[in-house]
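Everything on this sheet refers to the single structure shown next.
On a predicted model such as this, the values are computed, not experimentally measured, just so you know.
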Amino acid sequence: MKITREEVEHVARLSRLALDEAEIEALTGQMDTLLGYVEKLDQLDTEGIVPTAHAVPMENAFRPDDVKPSIGLERALQNAPHSEEGCFVVPKVIE
Amino acid sequence: MSFSQMSIRQLQQALRDGKTSSVALTQACLERIAATDEQINAFVTVCGDEALAAAAEADRQIAAGQGGPLTGIPIAVKDIFNTAGVRTSCGSRILENYIAPYDATAFARLREQGAILLGKLNMDEFAMGSSNENSANGPVRNPWDLERVPGGSSGGSAAALASGQALATLGTDTGGSIRQPASFCGVVGVKPTYGRVSRYGVIAYASSLDQVGPLARCVEDAALMLGAVAGYDPADSTSVDCPVPDYLASLEAGVKGKKIGLPREYFIAGLDPAVKQAVEAAIEIYRNLGAEIVEVSLPHTDYAVACYYLIATAEASSNLARYDGVRFGVRHQGEGGLVQMYEQSRAAGFGDEVKRRIMLGTYALSSGYYDAYYLKAQKVRTLIRDDFLKAFEQVDLLLTPVSPTAAFKLGEKTADPLQMYLSDIFTIPVNLAGTCALSLPCGQDSELPIGLQLIGKPFDEATILQAARAFEAETEWHKKTPNI
């Protein structure tokens, strides 16, 4: 086994996904298969190979720090599930 | 007037000559959508009234001798593009009520050049899929055979074209999501070089692989559309500031004297005989047109799918962290605090494939596994990219199949994620290398379209478009349309 049920539950917590029993079971098997498949990369010797994060080599992209109009409060909040007084509302964080 | 066999340029001329109007073209597309989309399910949102109003305005501009090469042409875009004031759901329940507050640059450029937005096109949720079966809006069906998939993830973008619902569309391609549906539906699809087209306003899946591109009914339309959307955008710092050639002006350059490479790893045992035969016939056509055919090797091809599914899922797990039920999207909240609200919103909002990829990506990035999975995959990505760069020292372009088979049946691969992933074996390496490629119709397997893939050097879309046009001029495949 490449991955255990406990590890799947741990990754679900890291992923902020409340998975049900059936999902955890299905994912344990599927992730095990997929992780078994990607293990084929270990056949390759990559010692000294520079990793590619981006296909087009580029340095930091700088721009002048000009002040420009932004999206505005109304449009920024238009899709919020819950907003009040110009703020996003979330469940209480601190008791 | 029937426009089904007319290119956008010819239609523009007809508009300028007063032989038709943008309102008539738009009306014809809307009627086609009304007549066929109950079966195809390519559109998730149709902007009928807005489209007709924009078409009337386009007609006024044309009458006044104004406007550009896309003025009055009805198009549609994948529902991954933000379109100001129009619902943009990305195939997901979690964004089912999301109204885009601004335009994606690629779409804004089409709109500025006068294109008419017919609506938004169905897709696999967050562009994750190869069959368009992972959509919260239900699957898209292939216009050539309603029992079969249109390909994914830009399945709606390809199926809408094949069924005559729009004159051109935009899609996105992270591992083949433009080329594979173009191939399955018998249309032209271009995946430009990474950085060629702005990703600003395109909902992100895997940021180092995602690229915007056009789908079209012929190579000329694809060249016109690519020219319209390409170019540096200050709002996307990964877009590249290099000149965009006039793709239309050089389109008829032909392939005489060009070196076309056949990567031997792409002509494998698993290739369907009908696909193999169609691709071999295409090679013969290129030989007769004066191209030199050379065998080349891309030795790391077999590792591309594994490499992709680590990099793409890792990037996805990070990109999709933003869907938390706070600033946009659906919120589900039962008992509990903030973290439970995140967990419940995401659990209810995402479909199975998206959850699977977030989980795999989170695992690959998690403490203790990063080096073994993500870093290893990035190193293998270097080897895959170097394969292409070495091949391009010998040849001008590469020729391969797009997919090992023609369109498969709905439900055929849904039970086995790995088999589904392996259907992208010929398209994924191009995204990892970051270079450009296109799909064009090159044959049929008992009525089902087969696609030919041409892969070009980085930022050399012009050469593959020329080669595609040369093939198209010799064949009738692009003129075939399904009976729907």
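Contacts of A:Leu34 with chain B are made by side-chain atoms alone, with heavy-atom separations under 4.5 Å and no backbone atom involved. Proximity to chain A (any heavy atom under 4.5 Å) is restricted, for B:Arg385, to the side chain, taken from C-beta onward. Contact of B:Tyr323 with chain A is not made at all, since no heavy-atom distance falls under 4.5 Å. With a 4.5 Å cut-off on non-hydrogen atoms, A:Glu7 touches chain B through its side chain but not through its backbone. Only the backbone of B:Ala100 comes within contact range of chain A, judged by heavy atoms closer than 4.5 Å. Heavy atoms of A:Val8 lying under 4.5 Å from chain B belong to its backbone as well as its side chain. Only the backbone of B:Leu432 comes within contact range of chain A, judged by heavy atoms closer than 4.5 Å. Heavy-atom distances place no part of B:Leu389 under 4.5 Å from chain A, backbone and side chain included. Neither the backbone nor the side chain of A:Leu77 comes within less than 4.5 Å of any heavy atom of chain B. Contacts of B:Ile99 with chain A are made by both backbone and side-chain atoms, with heavy-atom separations under 4.5 Å. Neither the backbone nor the side chain of B:Pro458 comes within less than 4.5 Å of any heavy atom in chain A. Using a 4.5 Å cut-off between heavy atoms, B:Thr238 contacts chain A through both its backbone and its side chain. For chain B, the nearby parts of A:Asp42 are the backbone and the side chain; heavy atoms of each come within less than 4.5 Å. B:Gln333 touches chain A through its side chain: at least one heavy atom from C-beta onward sits under 4.5 Å away, while N, CA, C and O do not.
Ranked by non-hydrogen atom pairs under 4.5 Å with chain B, the options A:Leu19, A:Asp20, A:Leu44 are led by A:Leu44. Comparing B:Gln344, B:Glu315, B:Lys376, B:His300 by how many heavy-atom pairs each has under 4.5 Å with chain A, the most go to B:Lys376. Of the listed residues (B:Leu320, B:Asp302, B:Asp416), the one with the most heavy-atom contacts under 4.5 Å to chain A is B:Asp302. Each of A:Val90, A:Ile3, A:Thr46, A:Leu14 has some count of heavy-atom pairs under 4.5 Å with chain B, and the biggest count is that of A:Thr46. Among the candidates B:Gly325, B:Ala372, B:Ala306, the residue making the largest number of heavy-atom pairs closer than 4.5 Å to chain A is B:Ala306. Highest contact tally toward chain B, considering only A:Asn60, A:Leu27, A:Leu35, A:Val93, is held by A:Leu35 [criterion: heavy-atom pairs under 4.5 Å]. Annotation: maximal heavy-atom pairing with chain B below 4.5 Å, among A:Lys40, A:His10, A:Gln43, A:Arg13, occurs at A:Lys40. Ranking B:Gly434, B:Gly329, B:Ser366 against chain A, the residue ahead of the rest is B:Gly329, based on heavy-atom pairs under 4.5 Å. When B:Tyr303, B:Tyr102, B:Tyr374, B:Tyr342 are compared by the number of non-hydrogen pairs under 4.5 Å with chain A, B:Tyr303 comes out ahead. Counting heavy-atom pairs closer than 4.5 Å to chain B, the top residue among A:Ala80, A:Ala26, A:Pro51 is A:Pro51. Interface summary for chain A: among B:Val339, B:Leu338, B:Asp352, the most heavy-atom pairs under 4.5 angstrom belong to B:Leu338.
Taking CD of A:Glu47 as the start and NZ of B:Lys379 as the end, the distance is 6.5 Å to the nearest 0.5 Å. Rounding to the nearest 0.5 angstrom, the gap separating the NE2 atom in A:His82 from the CZ atom in B:Arg331 is 7.0 Å. For the atom pair OH (B:Tyr373) and CG (A:Leu41), the distance works out to 10.0 Å, reported to the nearest 0.5 Å. With rounding to the nearest 0.5 Å, the separation of OH in B:Tyr309 from OH in A:Tyr37 is 10.0 Å. B:Arg346 CZ to A:Ser15 OG: the interatomic distance, rounded to the nearest 0.5 Å, is 7.0 Å. Annotation: the span from A:His54 atom NE2 to B:Gln378 atom CD amounts to 11.0 Å, rounded to 0.5 Å.
At most 12 non-hydrogen atoms from other residues, nucleotides or ligands lie less than 6.0 angstrom from CG of A:Asp65. By the 6.0 Å contact criterion, CD on A:Glu9 is enclosed, its count of non-hydrogen atoms from other residues, nucleotides or ligands being greater than 12. Around atom CD of A:Glu74, no more than 12 heavy atoms belonging to other residues, nucleotides or ligands sit under 6.0 Å away.
Scanning all heavy atoms of the two residues, the minimum distance from A:Val56 to B:Tyr194 falls at CG2-O, 3.3 Å. B:Arg327 and A:Pro81 get closest at one heavy-atom pair: C-CD, 4.1 Å. Nearest heavy-atom pair, B:Ala433 versus A:Ala55, reported as atom, atom and distance to 0.1 Å: O-CB, 3.5 Å. Here the closest non-hydrogen pair linking B:Ser208 and A:Ala53 is CB-O, 3.4 Å.
Between A:Val11 and B:Tyr369, every side-chain heavy-atom pair lies at or beyond the 4.5 Å cut-off. The closest side-chain heavy-atom distance from A:Ile49 to B:Val380 is not below 4.5 Å. Looking only at side-chain heavy atoms (C-beta outward), B:Met359 and A:Leu17 come within less than 4.5 Å of each other.
Judged purely by atom type and a 3.5 angstrom limit, B:Asn97 has no side-chain atom pairing as donor or acceptor with the backbone of A:Asn79.
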